[in-house]
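Letters A, B, ... are given to chains in the order of the sequence lines, protein chains preceding strands, and every chain is numbered from 1.
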Amino acid sequence: MTRHIDTVADATAYPEREQPYTELGLKADEYARIREILGRRPTSAELAMYSVMWSEHCSYKSSKVHLRQFGDKKPETDALLVGIGENAGVVDIGQGWAVTFKVESHNHPSYVEPYQGAATGVGGIVRDIISMGARPVAVMDPLRFGAADHPDTHRVLPGVVAGIGGYGNCLGLPNIGGEVVFDPCYQGNPLVNALCVGTLRHEDIHLASAKGVGNLVVLYGAKTGGDGIGGASILASETFDEGGPTKRPAVQVGDPFMEKLLIECTLEVLHAGLVEGIQDLGAAGISCATSELASNGEGGMHVRLDSVPLRDATLTPEEILMSESQERMAAVVTPEKIDAFLEICRKWDVTADVIGEVTDTGRLVIEWHGEVIVDVPPRTVAHDGPVYHRPYARPSWQDALQADDPGLLARPVTAAELRDTVLTLVGSPNLASKTWVTAQYDRYVQGNTVLAQPEDAGVIRVDEESGLGVAISTDCNGRFAKLDPYAGAQLALAEAYRNVAATGAAPLAVTNCLNFGSPEDPDVMWQFERAVTGLADGCLELGIPVTGGNVSFYNQTGDVAIHPTPVVGVLGVIDDVARRTPMAFRAIGDVVLVLGETREELAGSEWAHVVHGHLGGLPPKVDLAAERALGEVLVAAARGSLVTAAHDVSDGGIAQVLVEMALREGVGATVRVPAGLDPFVFLVGESTARAVVTADPARAATLEALATQHGVPVARIGVVTGPGDDLQVDLVVGDSVAWTLAELRATADATLPALFG
Amino acid sequence: MARVVIDVMLKPEILDPQGKAVEGALGRLGLAGVASVRQGKSFALELEGEVDDARLAKINELAGSLLSNPVIEDYVIREVTA
Amino acid sequence: MARVVIDVMLKPEILDPQGKAVEGALGRLGLAGVASVRQGKSFALELEGEVDDARLAKINELAGSLLSNPVIEDYVIREVTA
Amino acid sequence: MRIGVVTFPGSLDDHDAARAVRIAGGEAVALWHADADLHGVDAVVLPGGFSYGDYLRCGAIARFAPVMGTLVDAANGGLPVLGICNGFQVLCESHLLPGALVRNDSLHFVCRDQRLRIESTDTAWTSAYEIGQEIVVPLKNGEGGYVADEATLDLLEGDGRVVARYLEVNPNGSRRDIAGISNARGNVVGLMPHPEHAVEPLTGPSTDGLRFFTSILKGLVEA
Ligand SMILES: Nc1ncnc2c1ncn2[C@@H]1O[C@H](COP(=O)(O)OP(=O)(O)O)[C@@H](O)[C@H]1O
Ligand SMILES: [Mg+2]
């Protein structure tokens, strides 16, 4: 049967047809606004476009008013070549090189179909990076799951890990870091965030804009299928005569091989100078790509939707507009260069079709077999969506939570108890070795990986000649953010900043992925507002701008939201990767020092979580001036070759840091607790702005002078003993604890394999 | 010994990159007129004892949960032989 | 449209770790008496026109070279329908 | 000396292989899968990656690329060829080497720093090593389990065609811990681990892999 297509003429002729806007997620006032913009009812194709583009995911309607702070409080910087608002920000790293990086969430799809959900999450963020004209050079994957021993975690985690590996490995992108965090709050809402970083020369920056009247719009990559268009079936059922929604998959399947071809093909057409503007197709597919390109360019575009190559010939125009089929890109190409463009696509066996051209009419006009089904001002679709000022208020329970201090929790008393406590922590799921996960990721491909997990930050060589490189770390402690979202966001920032500095790289720019519950809950909205404000204030104080990011709301089961989880990624630059600082104890006789100040800070700590299942109190004090000073010391020490190893102190405290430094290369150390500090607090407390470093004895005094000069407290706490030696800690004179490296390794290594096979 | 064979295929509307790769290769290697290729999985189970209704119900349950993901795949029990 | 379905299985003497893993999981999930599981692949080809002898010969050739690796796998053409 | 490095759609370690050739002192020549001409190179590396996505079987589709037709003839005529990981799979699928590579017994992709023992120095690609030398190079594969029938395995052992063996850990279930083999003549070598990722101290676990590339250059100079 042939289906009646709802044209613009129909919309004018039959103005009062009922439309399923509620089912598509639009509110009555939003629908009314669309009618007002158009001066008539929308066609069903227009309704499809507005509904996806005005969704929370695409329009940021609940978060926009708060995200503005990242721009308003942007620190003075020359480093930002492209700021917030494009597919990804671009940062100058010197010598004519730039990098672009961004983190995005794929939480909900990964819960439904862990492998494909995670795989397509990687695919999506990679396309954002190539659409800036950059070559992707690494990925990272901050992940959060429910309790490690919950049966559903056993379903979700292996699939997510296999999906990230399956896609990233096949693309040839080294995975250089990420996070694996377990907490029951993520049980029904695992967080799968994916970060990609790409490199480019300054002159290669490309933007998503359709410039030049008469230029052609090319769609290339995979054919369009019925992926991820649950909403469109509602439209179809309303207009189909036989009724009954057609069943379309909400799950998308990734094709990493196609994406690899897309990368090579895109970089080749960009470098050949064949492209005026370029845009990836992600959420909202063709609706997003055409309206954004048009809106950012001359303001008009004419598209023939029937020229879109289809995987499934039965798709309706609404479905084609909404399809989220993966591995597709759109480019704007001049008529003179189109043959050369298509020739390169053929070389890479990539399907490419001209689907329209740029106009200056100020309208996005879309035709279907000669009939006009869309005629809208593109800006109203892409940029002028609704903006909500959602109510927010400090939750009624926040005070009680903060008052519930961990001070009264039972602590280990004897040396033997302390020894056991540390072992318990070392083997706990959040602190245990993540090798079971990371061994499934290729960290070597491309041959430029200088540091990768489990180091503090991933370090990638950008320029083989000069050794110029970048370091990236992503972090967030959701428990801290729950206790105090403003501080929690700053602690996430501080930790990522410290991790980058620990490798010897100077922090330069920030990306973020803000994972929260429902914005319709004033408690959650308060957490969100506090976290954004904290992050914006923190970035201003540290002098590093936010270059982009992503918001994921509705991470909740019933009324219960996840811990607020503002994942922060910090990128730093290192002039010569040969000077990077690794984390391992190495040379016998090296002095072990701690930089920074230890306070009694146990609220939200791994110890309180693992041993007592306790969450309450105030998180560790944020001291960004101290973080900055520490960072300066770590970077200067790396440049001056004053340190042989460095490792930042965070989850699990100094005990965990010493264990990790010892296990990395199998080299022991003897350490004593500084006078005046409680050994337990020293070992497992989580005060920030601290790092443990090692130095050649001949250079330790210079290092100490450097630290003092920057106002960073420094203390010698021990010495590296040698390969295979124990890790020994002298608690007080005459009383010490020791662990063999073998028992530490066995404890750290056993946990995840025992859980996941 | 009983034998049960279960076929698992991607739902028709789901992208099948593997099938697509095979489709391309078959064409290049001289098999003309290939309209589409879908790649599936099969599981051949050898079972002790009989496959009675209760057991078949269990097999159906596991075929629809463990052996396939109903979000993207369909399964059929192709063969049950005593 | 003609349809040809080809099954590819690992040779019996080749270890099948995926089958083994499924075997274990089926047992843990309550299907008793599973003696063995072998996992295989299938390819469903939709072809324009008829499948005459010449075409079937070509399909056999490709099934034995491209679709399966004779060093480790066997294939059968399970179905040919016009 | 000009060493060709083939790029198939989906090749990933082609740039790394070319870099290793350069670091060893050779000239790397890019070869394209669709071009049957070997452009007069003195030896060829088939690099790692996921040619054609490895969707059917690793290496199964790449084997039919135009460049492979020429390469199979040239290898049978004595041209030195090194297949790394996916390249090893392509060599087996092309029947230049016996046996096959199957899914890891762990069912997981594995990336690790792997200790190996060099078992044969009578090949074009291992002459710069000592017999029994232990090296550490990255290994990264999902389908790296080497299988062949007993007679073939015995033949490989008997003729000294096992080029390298896994030590400490067998990461993928390979029969007899085999990490690499050669053809009878010793010019064609297939290797699952990645020596091209162990040629610079900064980016690899060691520089132990470099001698695969210096072996071929030295051999070509002496020939
Ligand atoms: N949390 C955030 N912080 C800063 N910028 C953000 C944040 N969330 C989104 N943005 C920016 O808003 C723009 C639109 O985001 P998004 O829809 O994720 O981009 P895309 O369309 O490329 O997927 C991007 O520039 C993105 O960097
Ligand atoms: Mg984008």
Side-chain angles (χ1 to χ4, degrees), chain A residues 135 158 161-175 254-265 327 346-350 435-453 459-461 464 467 469 576-580 582 665 753 756-757, chain D residues 7-20 22-23 32-35 47-56 58 61-62 84-86 104 106-114 137-143 169 171-172 193-205 209:
Chain A
R135 173 172 284 281
V161 170
I164 289 170
Y167 205 99
N169 295 342
C170 189
L171 276 192
L173 294 178
N175 185 308
D255 180 353
F257 173 59
M258 173 55 83
E259 181 113 329
K260 169 68 177 165
L261 299 183
L262 210 51
I263 294 175
E264 298 304 333
C265 177
E327 292 95 20
R346 265 194 297 281
K347 169 182 165 191
W348 289 102
D349 215 359
V350 166
T435 301
W436 188 90
V437 171
T438 59
Q440 297 186 47
Y441 304 150
D442 183 349
R443 61 182 178 277
Y444 283 110
V445 64
Q446 297 198 5
N448 287 312
T449 306
V450 175
L451 293 178
Q453 62 277 35
V459 175
I460 290 286
R461 178 172 63 186
E464 281 188 51
D576 182 359
V577 288
R579 296 267 167 125
R580 90 284 182 218
E665 304 264 333
F756 302 110
Chain D
T7 298
F8 298 101
S11 290
L12 305 176
D13 299 313
D14 44 349
H15 292 282
D16 305 59
R19 182 193 289 118
R22 284 193 302 272
I23 290 175
W32 182 242
H33 71 105
D35 180 359
F50 289 72
S51 55
Y52 297 92
D54 279 353
Y55 285 147
L56 175 56
C58 301
I61 298 179
I84 302 169
C85 196
N86 197 228
N104 294 353
S106 66
L107 299 178
H108 296 303
F109 184 96
V110 59
C111 176
R112 68 190 310 272
D113 298 342
Q114 179 70 43
V137 300
L139 171 114
K140 34 172 228 184
N141 63 257
E143 302 190 23
V169 171
N172 45 29
H194 287 260
E196 82 282 17
H197 289 320
V199 297
E200 291 181 285
L202 212 51
T203 53

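For the atom pair SG of C111(D) and CG of N175(A), the computed distance is 9.5 Å after rounding to the nearest 0.5 Å.
The choice from N141(D), V199(D), V110(D), D16(D) that makes the most heavy-atom pairs within less than 4.5 Å of chain A is D16(D). When each of G172(A), G447(A), G467(A) is checked for heavy-atom pairs under 4.5 Å with chain D, G447(A) comes out on top. Considering only heavy-atom pairs separated by less than 4.5 Å from chain D, the leading option among G165(A), P158(A), P256(A) is P256(A). The candidate with the highest count of non-hydrogen atom pairs below 4.5 Å against chain A, out of P9(D), G48(D), A20(D), is P9(D). In terms of heavy-atom pairs under 4.5 Å with chain D, the best-connected choice from V450(A), N448(A), T449(A), N169(A) is N169(A).
Ion pairing between R461(A) and E200(D) holds under the 4.0 Å rule for side-chain N and carboxylate O.
Residues F50(D) and K260(A) are not in side-chain contact: their nearest non-hydrogen atoms beyond the backbone lie 4.5 Å or more apart.
The two residues Y444(A) and G204(D) come nearest to each other via the heavy atoms CE2-CA, 4.2 Å. The nearest pair of heavy atoms linking C170(A) to G53(D) is SG-CA, 4.2 Å. Residue V445(A) comes nearest to H197(D) through the heavy atom pair CA-CE1, 3.9 Å, listed as atom of the first residue, atom of the second, then distance. Closest of all the heavy-atom pairs between L202(D) and V577(A) is CD2-CG2, 3.5 Å.
Using a 4.5 Å cut-off between heavy atoms, S106(D) does not touch chain A at all. Proximity to chain D (any heavy atom under 4.5 Å) is shown, for A162(A), by neither the backbone nor the side chain. Within the 4.5 angstrom heavy-atom criterion, no atom of L173(A) approaches chain D. The contact between D113(D) and chain A is made by backbone and side chain atoms together, counting heavy-atom distances below 4.5 Å. No part of E264(A) comes within reach of chain D, as not one of its non-hydrogen atoms sits under 4.5 angstrom from that chain. Residue contact with chain A, scored on non-hydrogen atoms closer than 4.5 Å, involves the side chain of R19(D) exclusively.
Classified by interplanar angle (parallel below 30°, tilted 30° to 60°, perpendicular above 60°), the ring pair F257(A)/Y52(D) is tilted.
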Worksheet entry | Pair D442(A)-F109(D), side-chain contact (heavy atoms from CB on, under 4.5 Å): steps then yes or no | CA-CA 9 Å; D442(A) 183 349; F109(D) 184 96; 4.2 Å; yes
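Counting only N and O atoms by type, the side chains of Y55(D) and D255(A) include a donor and acceptor under 3.5 Å apart.
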